[in-house]
Amino acid sequence: MMNDDEVWDAVRQTLSEVQMDRPVEAIEQRGRARRRKRHVLGLAAGGGVAAVVALALALPMATGSGTAPAPIGPDNHAGAASLAPVGNIKLVSLAANLTADNASLPGDASLIIEKVDVRRGNVPSRTRYHLYTDSGEYYYTEARNELPRVIARGENLGNGFHTRGVAAARYAATGDLAEARERMINSVYDEGKPPAGAEQDRMEILRQKGVANPSPLTDEDRESIAANHLWVNSVDVLSAGGGDPKVRAGVLRLISTIPGVTVVDSTTGGQPTLTITAGVWTDDTEQVLTINAQNGVPISSEMDSPETGDSFAGTFKVARVTVADIKAGRF
């Protein structure tokens, strides 16, 4: 059996043209096969365990623990993808309130200012500026005064994932939840579904690593895969469409169905909040996401990886803006 390090090595060899120390925003531009566990609200920049599962989201793989991240699609469905369990009541209730909000949406883009504090690890702390336009463009910089110039230079990092993910979240706000889960889980793929032959590719990677008779995925494997992909993609979309209450409602409905997610009431900065903890990875890594209990806007995120000892925390400011104002430096 392969251990996690051996699988990660196989993934890195398969993605040998990708520089693993490049900013994840640049990696994302390279396409759906570059998806990663670290995302805007994920904070786990760098590599190692904090990037293994979702960086290789489009690549079939297996781990020695028996949980095998792999594509999910018509010939490779995960059991949890087709079943939508009753959601966490706190998240479902908040989602219903947001869905009932019929106020018109201001602006034409969402601006997320993210301050990252690295508590343990080698990645430097920084402030990051993310601009997601309603038309699907994505601009990123770590220097505030560079954002207008990034837009002017046309440095669009969007590759369609955010457009598909936001659409899946908006559908999830009031649509069939099982169908919405499928859409979100597969939103990372160009066609909204994984490529043909994914299972065969997984088997071949394992054979190349010396596994003579790789075991097929089990139903438990597929359920774990679905939960991981649903969380990672949904929380990414919470950033990309965070200024839209319908998107937030859809994301809350989606993550409410994940068994490995718990929700408790909390207070942050004097305001009522919900603290959401997700353990949807093969190790003991947990992500703690705190959102406003009244409007679902993300406030902070923390991630700890017991295996690597890395620890990240960040806070967020989410605002609806116009691209014209950002280009003019009015933000």
Side-chain angles (χ1 to χ4, degrees), residues 23-32 35-36 38-43 95 98-99 101-116 126-173 183-184 187-188 232-252 254 289 291-292 294-301 314-331:
V24 293
E25 289 74 17
I27 293 174
E28 181 180 30
Q29 186 182 27
R30 300 292 296 274
R32 57 174 170 73
R35 291 295 298 149
R36 71 287 185 230
R38 179 259 171 255
H39 41 75
V40 171
L41 299 183
L43 302 175
L98 293 175
T99 302
D101 183 359
N102 294 316
S104 60
L105 194 62
D108 58 9
S110 292
L111 174 65
I112 291 84
I113 302 176
E114 170 197 16
K115 293 185 177 181
V116 180
R126 80 283 299 268
T127 298
R128 302 191 280 214
Y129 299 85
H130 309 265
L131 182 70
Y132 299 90
T133 74
D134 293 349
S135 59
E137 296 176 331
Y138 168 47
Y139 299 98
Y140 166 82
T141 181
E142 293 183 11
R144 182 187 181 95
N145 60 2
E146 273 295 306
L147 189 54
R149 290 190 278 270
V150 166
I151 299 172
R153 292 193 295 263
E155 297 178 6
N156 170 29
L157 298 177
N159 65 357
F161 160 69
H162 295 121
T163 302
R164 291 187 296 273
V166 167
R170 288 184 64 85
Y171 173 78
R183 293 187 186 185
M184 183 61 78
S187 62
V188 69
V232 170
N233 293 351
S234 294
V235 177
D236 241 350
V237 166
L238 186 59
S239 172
D244 186 342
K246 297 296 190 301
V247 172
R248 297 197 297 271
V251 166
L252 294 178
L254 288 167
L289 176 66
I291 64 173
N292 185 291
Q294 297 175 326
N295 58 27
V297 170
I299 296 174
S300 66
S301 178
T315 57
F316 311 93
K317 292 183 179 180
V318 180
R320 287 293 295 178
V321 298
T322 66
V323 176
D325 280 345
I326 299 297
K327 291 175 69 175
R330 296 190 294 268
F331 67 99

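The analysis underlying the following values was restricted to heavy atoms, covering all of them including side chains, and did not include hydrogens, waters or symmetry mates. Owing to the predicted nature of the structure, the values given are computational and were not obtained by experimental measurement.
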(request) Test D236 against F161 for side-chain contact (heavy atoms from CB on, under 4.5 Å), laying out the working first. (result) CA-CA 10 Å; D236 241 350; F161 160 69; 3.7 Å; yes
(message) As a quick check of understanding, evaluate side-chain contact (heavy atoms from CB on, under 4.5 Å) for F316 and I299, giving each step before the final call.
(response) CA-CA 5 Å; F316 311 93; I299 296 174; 5.9 Å; no
(request) Show the numbers, then the answer: is there a side-chain contact (heavy atoms from CB on, under 4.5 Å) between V150 and N156? (result) CA-CA 8 Å; V150 166; N156 170 29; over 6 Å; no
(message) With side-chain contact (heavy atoms from CB on, under 4.5 Å) as the criterion, how do R128 and V116 come out once you've worked through the C-alpha distance, each side chain's angles and the decisive distance to 0.1 Å?
(response) CA-CA 8 Å; R128 302 191 280 214; V116 180; 3.3 Å; yes
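Not one N or O on the side chain of R330 forms a donor-acceptor pair closer than 3.5 Å with the backbone of I326. At distances below 3.5 Å, at least one donor-acceptor pair connects side-chain atoms of N233 with backbone N or O atoms of M184. R248 places a side-chain N or O within 3.5 Å of a backbone atom of N295 that can act as its donor or acceptor partner.
Using a 4.5 Å cut-off on side-chain heavy atoms (C-beta onward), L111 and H130 make no contact. Between F331 and D325 the shortest side-chain heavy-atom distance does not fall below 4.5 Å. Contact of the L252 side chain with the I291 side chain is registered, since non-hydrogen atoms from C-beta on lie closer than 4.5 Å.
A pairwise comparison of heavy atoms in G107 and T322 identifies CA-CG2, 3.9 Å as the closest pair. The shortest non-hydrogen separation linking S110 to G243 is OG-N, 3.3 Å. What you find for S239 and Y132 is that their closest heavy atoms are OG-CE1, 3.4 Å. Across every non-hydrogen atom of P298 and V318, the tightest pair is CG-CG2, 4.0 Å. Across all non-hydrogen atoms, the minimal contact from L105 to P245 is CD1-CD, 3.9 Å. Of all heavy-atom pairs spanning S300 and L289, the tightest one is O-CD1, 3.4 Å.
If you take NZ on K327 and CG on L131, they are separated by 11.0 Å, rounding to the nearest 0.5 Å. Taken to the nearest 0.5 Å, the CG atom of D244 stands 7.0 Å off from the NZ atom of K246. With rounding to the nearest 0.5 Å, the separation of CD1 in I151 from OG1 in T133 is 9.0 Å. Separation of atoms CZ (R183) and CZ (R164) is listed at 13.0 Å; rounding is to 0.5 Å.
Each of T141, T315, I113 was checked for a side-chain contact (heavy atoms from CB on, under 4.5 Å) with T127, and the lone residue meeting it is I113. Looking at E142, E146, R144 one by one, the single match for side-chain contact (heavy atoms from CB on, under 4.5 Å) with Y129 turns out to be R144.
At a threshold of 4.0 Å, the pair D108-R320 does not count as salt-bridged, since none of the basic side-chain nitrogens sits closer than that to a carboxylate oxygen.
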